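All values below were derived from every heavy atom in this structure, side-chain atoms included, with hydrogens, water molecules and symmetry-related copies excluded. Because the structure is predicted, anything quoted here is derived from the model rather than measured.
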Amino acid sequence: MERRTVAGTPYAKLLTAPRPVAEGLRARLEARGIPVLLETPFSGLPEAALGTYMGDVALWVPEALLGEAEAILAEEAP
């Protein structure tokens, strides 16, 4: 599992998905109170900031909430 610290909080990489899918997953998780960071492979480019990059992005959640995030996505899977 990939990990990093963001503003003093340990984050874990939840998954990687195409941007449109990742945005939907982020909305579901944030609606349940789990903060999500999206990371494109090109973080310094305008496409990343503007949201026009549609390739794969990584979803990062606080490590302490990783299990809860995985459970939320599992319960809402078709």
List the atom of Ala22, the atom of Leu59, and the distance in Å for their closest heavy-atom pair. CB-CD1, 3.3 Å
Do Leu14 and Val36 share a hydrophobic cluster (ILVMFWY, side-chain heavy atoms under 4.5 Å, transitive)? yes
Which heavy-atom pair separates Pro35 from Tyr11 by the least distance, and what is that distance? CB-OH, 4.2 Å
How far apart are the C-alpha atoms of Lys13 and Glu63, what are their side-chain angles, what is the distance that settles it, and do they pass the salt bridge (charged side-chain N to carboxylate O under 4.0 Å, His left out) test? CA-CA 8 Å; Lys13 185 175 175 181; Glu63 193 171 329; over 6 Å; no
Does the side-chain contact (heavy atoms from CB on, under 4.5 Å) test come out yes or no for Glu23 and Val57, once each step is laid out? CA-CA 9 Å; Glu23 291 287 358; Val57 297; over 6 Å; no
Could you tell me if the side chain of Leu29 sits less than 4.5 Å from the side chain of Leu73, heavy atoms only? yes
Does any non-hydrogen side-chain atom of Thr40 lie less than 4.5 Å from one of Arg19? yes
From CG (Leu25) to CD (Glu30), nearest 0.5 Å: 11.0 Å
Are Val61 and Met1 co-members of a hydrophobic cluster defined by side-chain heavy atoms under 4.5 Å apart? yes
Interatomic distance, Leu66 atom CG to Arg3 atom CZ [nearest 0.5 angstrom]: 8.5 Å
Nearest-0.5 Å distance that lies between atom CG in Leu15 and atom CG in Asp56: 10.0 Å
Validation row: Ile72, Glu70 side chains within 4.5 angstrom (heavy atoms): no
Answer yes or no: is there an ion pair linking Arg28 with Glu75, defined by an N-O contact shorter than 4.0 Å? no
Over all heavy atoms of both residues, which pair between Val21 and Ala17 is shortest? Give the atoms and the distance, please. CG1-CB, 4.0 Å
Minimum side-chain heavy-atom gap Glu68-Ile34 below 4.5 Å: yes
